[in-house]
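Data block below; observations after.
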Amino acid sequence: MVQVETVAQFGVIFLLFALGLEFSTAKLRVVRAVAVLGGLLQIMLFMFLCGILATLCGGKTKEGVFVGVLLSMSSTAVVLKFLMERNSINALHGQVTVGILILQDCAVGLLFALLPILSGTSGLLHGVASMMKSLVVLITFLTILSILSRTGVPWFLKLMISLSSQTNELYQLAAVAFCLLFAWCSDKLGLSLELGSFAAGVMISTTDLAQHTLEQIEPIRNFFAALFLASIGMLINVHFLWNHVDILLAAVILVITVKTFIVAIVVKGFGYSNKTSLLVGMSLAQIGEFAFVLLSRASSIHLIEGKLYLLLLGTTALSLVTTPLLFKMIPAMVHLGVLLRWFSVDTNQVELGLKNDVLRIDSGKRINLIVQGSHDS
(Lines give C-alpha, C1' and ligand atoms only; values in the text may rest on other atoms or scores of the structure.)
Protein backbone atom coordinates (compact mmCIF):
# COMPACT_ATOMS: atom_id res chain seq x y z
CA MET A 1 0.00 0.00 0.00
CA VAL A 2 2.83 2.40 0.87
CA GLN A 3 4.52 1.62 -2.46
CA VAL A 4 1.29 2.24 -4.39
CA GLU A 5 0.71 5.55 -2.56
CA THR A 6 4.27 6.64 -3.31
CA VAL A 7 3.92 5.89 -7.02
CA ALA A 8 0.41 7.41 -7.07
CA GLN A 9 1.84 10.66 -5.69
CA PHE A 10 3.57 11.11 -9.05
CA GLY A 11 0.12 11.12 -10.67
CA VAL A 12 -0.86 14.18 -8.64
CA ILE A 13 2.49 15.86 -9.35
CA PHE A 14 2.28 15.39 -13.12
CA LEU A 15 -1.40 16.37 -13.26
CA LEU A 16 -0.59 19.69 -11.61
CA PHE A 17 2.50 20.13 -13.78
CA ALA A 18 0.32 19.72 -16.88
CA LEU A 19 -2.20 22.19 -15.46
CA GLY A 20 0.60 24.69 -14.91
CA LEU A 21 1.66 24.29 -18.55
CA GLU A 22 -1.88 25.23 -19.66
CA PHE A 23 -2.15 27.92 -17.03
CA SER A 24 -3.15 31.43 -18.09
CA THR A 25 -2.28 34.15 -15.59
CA ALA A 26 -4.47 36.60 -17.52
CA LYS A 27 -7.57 34.40 -17.10
CA LEU A 28 -6.87 33.66 -13.44
CA ARG A 29 -6.35 37.35 -12.76
CA VAL A 30 -10.02 37.87 -13.63
CA VAL A 31 -11.13 35.50 -10.85
CA ARG A 32 -8.38 36.32 -8.32
CA ALA A 33 -10.83 37.88 -5.82
CA VAL A 34 -13.06 34.82 -5.53
CA ALA A 35 -10.04 32.48 -5.74
CA VAL A 36 -8.09 34.08 -2.89
CA LEU A 37 -10.72 35.69 -0.68
CA GLY A 38 -13.45 33.18 -1.51
CA GLY A 39 -11.10 30.23 -1.01
CA LEU A 40 -9.96 31.52 2.39
CA LEU A 41 -13.56 32.35 3.36
CA GLN A 42 -14.83 28.84 2.66
CA ILE A 43 -11.97 27.31 4.72
CA MET A 44 -12.81 29.62 7.64
CA LEU A 45 -16.54 28.89 7.32
CA PHE A 46 -16.01 25.12 7.49
CA MET A 47 -13.71 25.43 10.52
CA PHE A 48 -16.17 27.73 12.32
CA LEU A 49 -19.34 25.74 11.53
CA CYS A 50 -17.82 22.33 12.38
CA GLY A 51 -16.30 23.72 15.60
CA ILE A 52 -19.66 25.16 16.70
CA LEU A 53 -21.51 21.95 15.73
CA ALA A 54 -19.06 19.75 17.67
CA THR A 55 -19.47 21.95 20.76
CA LEU A 56 -23.28 21.85 20.56
CA CYS A 57 -23.24 18.05 20.18
CA GLY A 58 -21.05 17.62 23.25
CA GLY A 59 -17.87 16.77 21.35
CA LYS A 60 -14.45 18.38 21.42
CA THR A 61 -14.23 21.76 19.71
CA LYS A 62 -10.70 21.07 18.45
CA GLU A 63 -11.89 17.87 16.73
CA GLY A 64 -14.71 19.84 15.10
CA VAL A 65 -12.27 22.47 13.84
CA PHE A 66 -10.06 19.71 12.41
CA VAL A 67 -13.04 18.14 10.62
CA GLY A 68 -13.76 21.60 9.19
CA VAL A 69 -10.18 21.83 7.89
CA LEU A 70 -10.59 18.38 6.34
CA LEU A 71 -13.92 19.22 4.68
CA SER A 72 -12.60 22.49 3.23
CA MET A 73 -10.02 20.62 1.10
CA SER A 74 -11.05 19.46 -2.37
CA SER A 75 -9.26 17.06 -4.72
CA THR A 76 -7.08 18.99 -7.16
CA ALA A 77 -6.06 15.87 -9.08
CA VAL A 78 -9.54 14.37 -9.54
CA VAL A 79 -11.31 17.66 -10.33
CA LEU A 80 -8.67 18.73 -12.85
CA LYS A 81 -8.90 15.39 -14.62
CA PHE A 82 -12.64 15.76 -15.19
CA LEU A 83 -12.41 19.46 -16.07
CA MET A 84 -9.80 18.60 -18.72
CA GLU A 85 -11.90 15.74 -20.10
CA ARG A 86 -14.91 18.07 -20.46
CA ASN A 87 -12.83 20.94 -21.92
CA SER A 88 -14.07 23.14 -19.06
CA ILE A 89 -10.71 24.47 -17.85
CA ASN A 90 -11.15 27.69 -19.82
CA ALA A 91 -14.84 28.12 -18.95
CA LEU A 92 -15.72 30.65 -16.26
CA HIS A 93 -16.67 28.02 -13.68
CA GLY A 94 -13.50 26.10 -14.56
CA GLN A 95 -11.29 29.14 -13.93
CA VAL A 96 -12.98 29.85 -10.58
CA THR A 97 -12.66 26.18 -9.58
CA VAL A 98 -8.97 26.06 -10.52
CA GLY A 99 -8.31 29.33 -8.67
CA ILE A 100 -9.85 28.00 -5.44
CA LEU A 101 -7.97 24.69 -5.79
CA ILE A 102 -4.66 26.55 -6.17
CA LEU A 103 -5.44 28.60 -3.04
CA GLN A 104 -6.16 25.38 -1.13
CA ASP A 105 -2.84 23.89 -2.24
CA CYS A 106 -1.05 27.05 -1.09
CA ALA A 107 -2.83 26.87 2.29
CA VAL A 108 -1.81 23.27 3.02
CA GLY A 109 1.45 24.32 4.70
CA LEU A 110 -0.44 26.73 6.96
CA LEU A 111 -3.00 24.05 7.86
CA PHE A 112 -0.26 21.60 8.82
CA ALA A 113 1.17 24.28 11.13
CA LEU A 114 -2.31 24.60 12.69
CA LEU A 115 -2.56 20.93 13.75
CA PRO A 116 -0.09 21.10 16.69
CA ILE A 117 -2.05 24.10 18.05
CA LEU A 118 -5.31 22.12 17.94
CA SER A 119 -3.74 19.08 19.60
CA GLY A 120 -2.17 21.21 22.34
CA THR A 121 1.36 19.92 21.61
CA SER A 122 2.55 23.48 20.92
CA GLY A 123 1.55 26.81 22.41
CA LEU A 124 -0.53 29.40 20.61
CA LEU A 125 2.39 31.78 20.10
CA HIS A 126 4.61 29.00 18.78
CA GLY A 127 1.87 27.86 16.40
CA VAL A 128 1.21 31.37 15.07
CA ALA A 129 4.97 31.86 14.59
CA SER A 130 5.11 28.58 12.65
CA MET A 131 2.24 29.66 10.39
CA MET A 132 3.88 33.05 9.75
CA LYS A 133 7.14 31.28 8.91
CA SER A 134 5.32 29.09 6.38
CA LEU A 135 3.75 32.19 4.82
CA VAL A 136 7.13 33.95 4.50
CA VAL A 137 8.69 30.81 2.98
CA LEU A 138 5.80 30.56 0.49
CA ILE A 139 6.15 34.19 -0.64
CA THR A 140 9.96 33.89 -0.92
CA PHE A 141 9.71 30.64 -2.89
CA LEU A 142 7.21 32.10 -5.38
CA THR A 143 9.32 35.25 -5.79
CA ILE A 144 12.45 33.25 -6.62
CA LEU A 145 10.50 31.14 -9.13
CA SER A 146 9.14 34.29 -10.76
CA ILE A 147 12.69 35.57 -11.31
CA LEU A 148 13.89 32.20 -12.64
CA SER A 149 10.98 31.97 -15.11
CA ARG A 150 12.24 35.16 -16.81
CA THR A 151 15.95 34.29 -16.82
CA GLY A 152 17.11 30.68 -16.44
CA VAL A 153 14.11 28.66 -17.64
CA PRO A 154 13.98 29.87 -21.30
CA TRP A 155 17.74 29.30 -21.64
CA PHE A 156 17.47 25.78 -20.12
CA LEU A 157 14.60 24.73 -22.41
CA LYS A 158 16.33 26.05 -25.55
CA LEU A 159 19.47 24.11 -24.57
CA MET A 160 17.46 20.90 -24.18
CA ILE A 161 15.77 21.47 -27.54
CA SER A 162 19.13 21.97 -29.26
CA LEU A 163 20.60 18.84 -27.64
CA SER A 164 17.58 16.69 -28.54
CA SER A 165 17.23 17.79 -32.15
CA GLN A 166 17.07 14.19 -33.45
CA THR A 167 14.86 12.70 -30.74
CA ASN A 168 12.51 13.94 -28.02
CA GLU A 169 13.60 11.53 -25.27
CA LEU A 170 16.16 13.90 -23.77
CA TYR A 171 13.69 16.79 -23.71
CA GLN A 172 11.05 14.53 -22.15
CA LEU A 173 13.45 13.46 -19.39
CA ALA A 174 14.48 17.09 -18.84
CA ALA A 175 10.84 18.16 -18.43
CA VAL A 176 10.19 15.35 -15.90
CA ALA A 177 13.38 16.21 -13.98
CA PHE A 178 12.44 19.92 -14.00
CA CYS A 179 9.01 19.12 -12.52
CA LEU A 180 10.37 16.76 -9.85
CA LEU A 181 13.17 19.16 -8.87
CA PHE A 182 10.82 22.00 -7.97
CA ALA A 183 8.34 19.60 -6.33
CA TRP A 184 11.21 18.31 -4.16
CA CYS A 185 12.37 21.85 -3.31
CA SER A 186 8.83 22.82 -2.35
CA ASP A 187 8.50 19.76 -0.11
CA LYS A 188 11.85 20.42 1.61
CA LEU A 189 10.75 24.00 2.38
CA GLY A 190 7.69 22.67 4.22
CA LEU A 191 5.30 23.46 1.39
CA SER A 192 3.41 20.83 -0.63
CA LEU A 193 4.83 18.75 -3.47
CA GLU A 194 1.79 19.74 -5.53
CA LEU A 195 2.51 23.45 -5.21
CA GLY A 196 6.07 22.99 -6.46
CA SER A 197 5.01 20.91 -9.47
CA PHE A 198 2.28 23.39 -10.41
CA ALA A 199 4.74 26.29 -10.10
CA ALA A 200 7.20 24.42 -12.37
CA GLY A 201 4.49 24.13 -15.03
CA VAL A 202 3.61 27.83 -14.74
CA MET A 203 7.28 28.75 -15.23
CA ILE A 204 7.38 26.85 -18.54
CA SER A 205 3.97 28.23 -19.60
CA THR A 206 5.53 31.70 -19.91
CA THR A 207 7.85 30.42 -22.70
CA ASP A 208 7.18 29.40 -26.31
CA LEU A 209 7.75 25.73 -25.54
CA ALA A 210 4.74 25.21 -23.25
CA GLN A 211 2.67 23.26 -25.80
CA HIS A 212 5.64 21.11 -26.85
CA THR A 213 6.38 20.28 -23.20
CA LEU A 214 2.73 19.37 -22.59
CA GLU A 215 2.77 16.94 -25.54
CA GLN A 216 5.88 15.26 -24.15
CA ILE A 217 4.57 14.95 -20.60
CA GLU A 218 0.97 13.89 -21.42
CA PRO A 219 1.53 10.09 -21.72
CA ILE A 220 3.43 10.03 -18.41
CA ARG A 221 0.72 12.14 -16.74
CA ASN A 222 -2.08 9.80 -17.88
CA PHE A 223 -0.25 6.69 -16.66
CA PHE A 224 0.48 7.99 -13.16
CA ALA A 225 -2.97 9.61 -12.88
CA ALA A 226 -4.50 6.15 -13.41
CA LEU A 227 -2.33 4.75 -10.60
CA PHE A 228 -3.44 7.58 -8.33
CA LEU A 229 -7.13 6.85 -8.92
CA ALA A 230 -6.49 3.13 -8.32
CA SER A 231 -4.77 3.90 -5.00
CA ILE A 232 -7.91 5.69 -3.77
CA GLY A 233 -9.87 2.46 -4.17
CA MET A 234 -7.19 0.57 -2.21
CA LEU A 235 -7.56 2.94 0.75
CA ILE A 236 -11.12 1.78 1.43
CA ASN A 237 -11.35 -0.69 4.31
CA VAL A 238 -14.06 -3.04 3.01
CA HIS A 239 -14.73 -4.66 6.40
CA PHE A 240 -15.21 -1.30 8.14
CA LEU A 241 -17.24 -0.04 5.16
CA TRP A 242 -19.62 -3.01 5.32
CA ASN A 243 -20.19 -2.71 9.08
CA HIS A 244 -20.82 1.05 8.94
CA VAL A 245 -22.23 1.43 5.44
CA ASP A 246 -25.29 3.39 6.60
CA ILE A 247 -23.23 5.95 8.54
CA LEU A 248 -20.66 6.30 5.75
CA LEU A 249 -23.27 6.78 3.02
CA ALA A 250 -25.12 9.35 5.14
CA ALA A 251 -21.80 11.13 5.82
CA VAL A 252 -20.87 11.22 2.12
CA ILE A 253 -24.29 12.57 1.08
CA LEU A 254 -24.10 15.17 3.85
CA VAL A 255 -20.56 16.22 2.85
CA ILE A 256 -21.48 16.57 -0.84
CA THR A 257 -24.65 18.53 -0.05
CA VAL A 258 -23.08 20.87 2.51
CA LYS A 259 -19.93 21.52 0.46
CA THR A 260 -21.94 22.25 -2.68
CA PHE A 261 -24.20 24.66 -0.78
CA ILE A 262 -21.46 26.54 1.12
CA VAL A 263 -19.09 26.88 -1.86
CA ALA A 264 -21.98 27.99 -4.10
CA ILE A 265 -23.03 30.61 -1.53
CA VAL A 266 -19.45 31.93 -1.26
CA VAL A 267 -19.04 32.15 -5.06
CA LYS A 268 -22.48 33.76 -5.39
CA GLY A 269 -21.41 36.35 -2.81
CA PHE A 270 -18.72 37.56 -5.24
CA GLY A 271 -21.33 38.43 -7.87
CA TYR A 272 -21.28 35.30 -10.03
CA SER A 273 -24.43 33.82 -11.57
CA ASN A 274 -26.46 31.01 -9.98
CA LYS A 275 -25.28 28.61 -12.67
CA THR A 276 -21.57 29.33 -12.21
CA SER A 277 -21.93 29.12 -8.42
CA LEU A 278 -23.65 25.72 -8.63
CA LEU A 279 -21.06 24.35 -11.08
CA VAL A 280 -18.17 25.42 -8.84
CA GLY A 281 -19.95 24.03 -5.77
CA MET A 282 -20.56 20.63 -7.37
CA SER A 283 -17.00 20.49 -8.75
CA LEU A 284 -15.53 21.02 -5.26
CA ALA A 285 -18.01 18.81 -3.40
CA GLN A 286 -15.56 15.99 -2.56
CA ILE A 287 -12.87 15.80 0.15
CA GLY A 288 -9.37 16.08 -1.33
CA GLU A 289 -6.41 13.70 -1.28
CA PHE A 290 -4.64 16.01 1.20
CA ALA A 291 -7.15 14.71 3.75
CA PHE A 292 -5.27 11.38 3.88
CA VAL A 293 -2.06 13.17 4.83
CA LEU A 294 -3.86 15.43 7.32
CA LEU A 295 -5.60 12.42 8.87
CA SER A 296 -2.32 10.55 9.25
CA ARG A 297 -0.70 13.57 10.89
CA ALA A 298 -3.69 14.21 13.20
CA SER A 299 -3.75 10.56 14.27
CA SER A 300 -0.01 10.54 15.05
CA ILE A 301 -0.33 13.57 17.38
CA HIS A 302 -3.54 12.09 18.98
CA LEU A 303 -5.78 14.90 17.78
CA ILE A 304 -8.55 12.47 16.78
CA GLU A 305 -9.62 9.04 18.06
CA GLY A 306 -9.38 5.76 16.18
CA LYS A 307 -13.08 5.40 15.26
CA LEU A 308 -13.31 8.99 14.03
CA TYR A 309 -10.13 8.42 12.02
CA LEU A 310 -11.62 5.38 10.24
CA LEU A 311 -14.93 7.17 9.67
CA LEU A 312 -13.23 10.22 8.13
CA LEU A 313 -10.93 8.01 6.06
CA GLY A 314 -13.87 6.04 4.65
CA THR A 315 -15.91 9.20 3.99
CA THR A 316 -12.98 10.82 2.18
CA ALA A 317 -12.33 7.78 0.00
CA LEU A 318 -16.03 7.34 -0.85
CA SER A 319 -16.45 11.04 -1.68
CA LEU A 320 -13.55 10.76 -4.14
CA VAL A 321 -14.99 7.59 -5.69
CA THR A 322 -18.39 9.25 -6.18
CA THR A 323 -16.87 12.33 -7.89
CA PRO A 324 -17.25 10.87 -11.45
CA LEU A 325 -20.96 10.28 -10.76
CA LEU A 326 -21.31 13.84 -9.48
CA PHE A 327 -19.75 15.25 -12.65
CA LYS A 328 -22.15 13.17 -14.74
CA MET A 329 -25.05 14.73 -12.79
CA ILE A 330 -23.96 18.31 -13.55
CA PRO A 331 -25.71 18.57 -16.96
CA ALA A 332 -28.96 17.25 -15.44
CA MET A 333 -28.73 19.70 -12.53
CA VAL A 334 -28.14 22.62 -14.89
CA HIS A 335 -31.04 21.50 -17.09
CA LEU A 336 -33.24 21.37 -13.98
CA GLY A 337 -32.06 24.86 -13.06
CA VAL A 338 -33.05 26.11 -16.50
CA LEU A 339 -36.51 24.51 -16.21
CA LEU A 340 -37.01 26.12 -12.80
CA ARG A 341 -35.80 29.46 -14.27
CA TRP A 342 -32.82 29.64 -11.90
CA PHE A 343 -30.38 29.85 -14.80
CA SER A 344 -30.35 31.48 -18.22
CA VAL A 345 -30.21 29.25 -21.31
CA ASP A 346 -27.68 31.31 -23.27
CA THR A 347 -24.33 29.82 -22.28
CA ASN A 348 -25.52 26.63 -20.66
CA GLN A 349 -24.02 24.12 -23.08
CA VAL A 350 -20.88 26.15 -23.77
CA GLU A 351 -20.03 26.45 -20.09
CA LEU A 352 -20.51 22.72 -19.56
CA GLY A 353 -18.26 21.89 -22.52
CA LEU A 354 -21.05 20.17 -24.45
CA LYS A 355 -20.53 21.95 -27.76
CA ASN A 356 -20.73 18.69 -29.74
CA ASP A 357 -24.17 17.92 -28.32
CA VAL A 358 -25.37 21.38 -29.33
CA LEU A 359 -24.08 20.86 -32.88
CA ARG A 360 -25.87 17.53 -33.12
CA ILE A 361 -29.13 19.05 -31.84
CA ASP A 362 -28.86 21.99 -34.27
CA SER A 363 -28.09 19.71 -37.22
CA GLY A 364 -31.07 17.51 -36.29
CA LYS A 365 -33.36 20.54 -36.24
CA ARG A 366 -32.09 21.63 -39.68
CA ILE A 367 -32.75 18.15 -41.14
CA ASN A 368 -36.32 18.19 -39.76
CA LEU A 369 -36.91 21.63 -41.25
CA ILE A 370 -35.60 20.52 -44.65
CA VAL A 371 -37.82 17.38 -44.61
CA GLN A 372 -40.87 19.41 -43.56
CA GLY A 373 -40.11 22.00 -46.24
CA SER A 374 -39.91 19.31 -48.94
CA HIS A 375 -43.26 17.82 -47.83
CA ASP A 376 -44.88 21.26 -47.84
CA SER A 377 -43.61 21.96 -51.34
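These figures come from a predicted structure and were not determined experimentally.
Thr97 contributes atom OG1, which lies 11.0 Å from atom CD1 of Ile102 (distance to the nearest 0.5 angstrom). To the nearest 0.5 Å, the span separating NZ on Lys188 from CZ on Phe141 amounts to 13.5 Å. The CE atom of Met47 lies 12.0 Å from the CD1 atom of Ile52; values are rounded to the nearest 0.5 Å. Thr276 contributes atom OG1, which lies 4.5 Å from atom CG of Leu92 (distance to the nearest 0.5 angstrom). To the nearest 0.5 Å, atoms OG (Ser283) and CG (Leu326) are separated by 8.0 Å. To the nearest 0.5 angstrom, Thr323 atom OG1 is 12.5 Å from Lys81 atom NZ.
No chain of hydrophobic side-chain contacts below 4.5 Å, direct or via other Ile, Leu, Val, Met, Phe, Trp or Tyr residues, connects Met44 to Phe46. A continuous path of Ile, Leu, Val, Met, Phe, Trp and Tyr side chains, each step under 4.5 Å between heavy atoms, connects Leu159 with Leu148, placing both in one hydrophobic cluster. There is a path of hydrophobic side-chain contacts, each under 4.5 Å, that joins Phe48 to Phe261. Transitive grouping of hydrophobic side chains (ILVMFWY, heavy atoms separated by less than 4.5 Å) brings Leu70 and Ile247 into a common cluster. In this structure, Leu53 is not a member of the same hydrophobic cluster as Ile265, with clusters built from ILVMFWY side-chain heavy atoms closer than 4.5 Å.
With hydrogens and angles ignored, the 3.5 Å screen pairs a side-chain donor or acceptor of Gln104 with a backbone N or O of Ser72. Remark: the backbone N or O of Gln216 is paired with a side-chain donor or acceptor of Gln172 at under 3.5 angstrom. Within the 3.5 Å criterion, the main-chain N or O of Leu325 finds no donor-acceptor partner in the side chain of Thr322. Formation of a donor-acceptor pair under 3.5 Å by the Ser205 side chain with backbone atoms of Val202 is found in this model. Remark: side-chain polar atoms of Thr143 are paired, donor with acceptor, to backbone N or O of Ile139 under 3.5 angstrom. Formation of a donor-acceptor pair under 3.5 Å by the Thr316 side chain with backbone atoms of Ile287 is not found in this model.
Across all non-hydrogen atoms, the minimal contact from Cys179 to Ile13 is SG-CG2, 3.5 Å. In plain terms, the two heavy atoms of Ile147 and Thr151 that are nearest each other are O-OG1, 3.0 Å. Between Pro331 and Lys328, the shortest heavy-atom distance links the atoms CD-O, 3.3 Å. Taking both residues in full, the closest heavy atoms of Ala174 and Phe156 are given as CB-CZ, 4.1 Å, listed atom of the first, atom of the second, then distance. The minimum heavy-atom distance linking Val137 with Leu189 is given by the pair CG1-O, 3.6 Å. Minimum heavy-atom separation, Ser277 to Tyr272: OG-O, 3.9 Å.
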Inset, instruction - Report the C-alpha distance between Val78 and Gln286 in whole Å, list the side-chain angles of each, state the deciding distance to 0.1 Å, and finish with yes or no for side-chain contact (heavy atoms from CB on, under 4.5 Å). - result: CA-CA 9 Å; Val78 174; Gln286 71 294 126; 5.5 Å; no
Inset, instruction - For the pair Leu103 and Ile43, evaluate side-chain contact (heavy atoms from CB on, under 4.5 Å) and give the outcome as yes or no after the intermediate values. - result: CA-CA 10 Å; Leu103 183 278; Ile43 292 175; 4.3 Å; yes
Legend entry - Chi angles and distances behind the side-chain contact (heavy atoms from CB on, under 4.5 Å) call for Leu214, Gln211: CA-CA 5 Å; Leu214 181 62; Gln211 186 58 37; 4.3 Å; yes
Inset, instruction - Begin from the C-alpha positions of Met160 and Phe178 and carry the test side-chain contact (heavy atoms from CB on, under 4.5 Å) through to its verdict. - result: CA-CA 11 Å; Met160 290 299 104; Phe178 185 85; over 6 Å; no
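A search for ring pair (Phe, Tyr, Trp, His ring centres under 6.0 Å) contacts involving Phe327 returns Phe82, not counting sequence neighbours.
Hydrophobic clustering, defined by side-chain heavy atoms of Ile, Leu, Val, Met, Phe, Trp and Tyr closer than 4.5 Å, groups Val245 together with Leu249.
With a 4.5 Å cut-off on side-chain heavy atoms, Phe14 and Val176 count as touching.
Each of Val280, Val263, Leu284 was evaluated against Val96; a single residue qualifies, Val280, per the side chain to side chain contact (heavy atoms under 4.5 Å, CB included) test. Between Val252 and the choices Val321, Thr315, Leu320, the side chain to side chain contact (heavy atoms under 4.5 Å, CB included) rule is met once, by Thr315.
Side chain to side chain, Ser74 and Lys259 meet the donor-acceptor criterion of an N or O pair below 3.5 Å.
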